[in-house]
Amino acid sequence: MYPIIIHTRRFPPGEFDAITLFPVIFCKNKQITERELRHETVHLWQQAALLVIPFYLLYIAFWGINLIRFKESGRAYREIPFERSAYRLESHTGIRPIVKAFDWMRKE
């Protein structure tokens with residue numbers, strides 16, 4: 001599975017450079033780096049494995065719980081299991097899709 005990459009001016013919002021909305025990776029106004037592409041591809045596999053909608057529901061739930069827990073949006077984002085997994089795997093090449101899809105369930 002290869003992502004569709006679309007370059008935009010105003011999306012994703014805020015400080016984010018890229019966002020994956022299955023099956024598209026949106027990049028803000030620049031060429032995506034290999035590391036960013038690997039990070040977003042991890043999200044692509046996570047979304048596919050969870051049949052897309054459950055991924056988004058879990059993502060929002062994790063973020064909300066983390067926001068209550070940490071009281072800071074940046075930390076709440078970084079502590080989402082899907083994000084921790086994508087950051088952990090973004091520097092690795094040749095990772096099997098099944099690892100990308102379910103690494104977020106791994107206990108650290």
Side-chain angles (χ1 to χ4, degrees):
M1 174 181 345
Y2 293 97
I4 300 163
I5 300 173
I6 297 178
H7 297 273
T8 66
R9 290 185 184 170
R10 294 185 180 96
F11 189 76
E15 63 192 50
F16 299 103
D17 292 325
I19 190 170
T20 301
L21 300 174
F22 189 85
V24 178
I25 296 174
F26 292 93
C27 303
K28 192 188 307 179
N29 231 2
K30 68 177 191 76
Q31 191 65 22
I32 191 167
T33 67
E34 285 297 317
R35 186 180 203 105
E36 289 170 326
L37 181 59
R38 284 191 298 269
H39 179 102
E40 296 304 326
T41 302
V42 169
H43 289 318
L44 182 72
W45 283 102
Q46 292 167 342
Q47 292 170 19
L50 291 173
L51 305 176
V52 185
I53 300 299
F55 169 87
Y56 295 120
L57 294 174
L58 282 170
Y59 194 100
I60 291 166
F62 284 132
W63 185 81
I65 290 165
N66 287 345
L67 193 56
I68 292 166
R69 186 174 167 203
F70 300 116
K71 297 174 180 42
E72 195 263 306
S73 62
R75 176 127 189 241
Y77 161 77
R78 288 188 305 277
E79 293 295 330
I80 295 169
F82 299 118
E83 292 300 336
R84 286 197 327 255
S85 173
Y87 282 113
R88 183 172 45 248
L89 298 176
E90 72 183 10
S91 61
H92 301 288
T93 58
I95 299 170
R96 294 182 359 214
I98 195 75
V99 172
K100 291 178 186 179
F102 293 103
D103 179 78
W104 68 276
M105 297 176 74
R106 179 179 119 177
K107 296 288 182 199
E108 294 179 47

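Treat the numbers as computed from the prediction; the structure is a model and nothing was measured.
The shortest side-chain heavy-atom distance between Phe11 and Leu21 falls under the 4.5 Å cut-off. At least one side-chain heavy atom of Gln31 sits under 4.5 Å from a side-chain heavy atom of His7. Side chains of Asp17 and Cys27 form no contact here, defined as non-hydrogen atoms less than 4.5 Å apart. Using a 4.5 Å heavy-atom cutoff, the side chains of Ser85 and Gln46 are in contact. The closest side-chain heavy-atom distance from Trp104 to Phe55 is not below 4.5 Å.
Of the candidates Arg88, Lys100, Glu83, Lys100 is the only one forming a side-chain contact (heavy atoms from CB on, under 4.5 Å) with Val42. Put simply, the residue from Phe82, Tyr87, Trp45 that forms a ring-ring contact (aromatic ring centres under 6.0 Å, His included) with His39 is Tyr87. Applying the side-chain contact (heavy atoms from CB on, under 4.5 Å) test between Ile32 and each of Glu36, Arg35, Glu34 identifies Glu36 as the sole match.
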For Leu89 and Arg38, run side-chain contact (heavy atoms from CB on, under 4.5 Å): C-alpha distance rounded to whole Å, both residues' side-chain angles, the deciding distance at 0.1 Å, then the answer. CA-CA 8 Å; Leu89 298 176; Arg38 284 191 298 269; over 6 Å; no
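Judged by distance alone, with hydrogens and angles left aside, the side-chain atoms of Glu40 form a donor-acceptor pair with the main-chain N or O of Thr20 at under 3.5 Å. Judged purely by atom type and a 3.5 angstrom limit, Glu79 has no side-chain atom pairing as donor or acceptor with the backbone of Asn66. Counting only distance, with no hydrogens or angles, the side chain of Lys28 and the backbone of Ile19 share no donor-acceptor pair below 3.5 Å.
Hydrophobic cluster membership differs between Phe62 and Ile60, with clusters built from Ile, Leu, Val, Met, Phe, Trp and Tyr side chains linked at under 4.5 angstrom.
Across all their heavy atoms, Phe16 and Pro12 have their closest contact at O-CG, 3.5 Å. The two residues Ile25 and Pro3 make their nearest non-hydrogen contact at CD1-CB, 3.5 Å.
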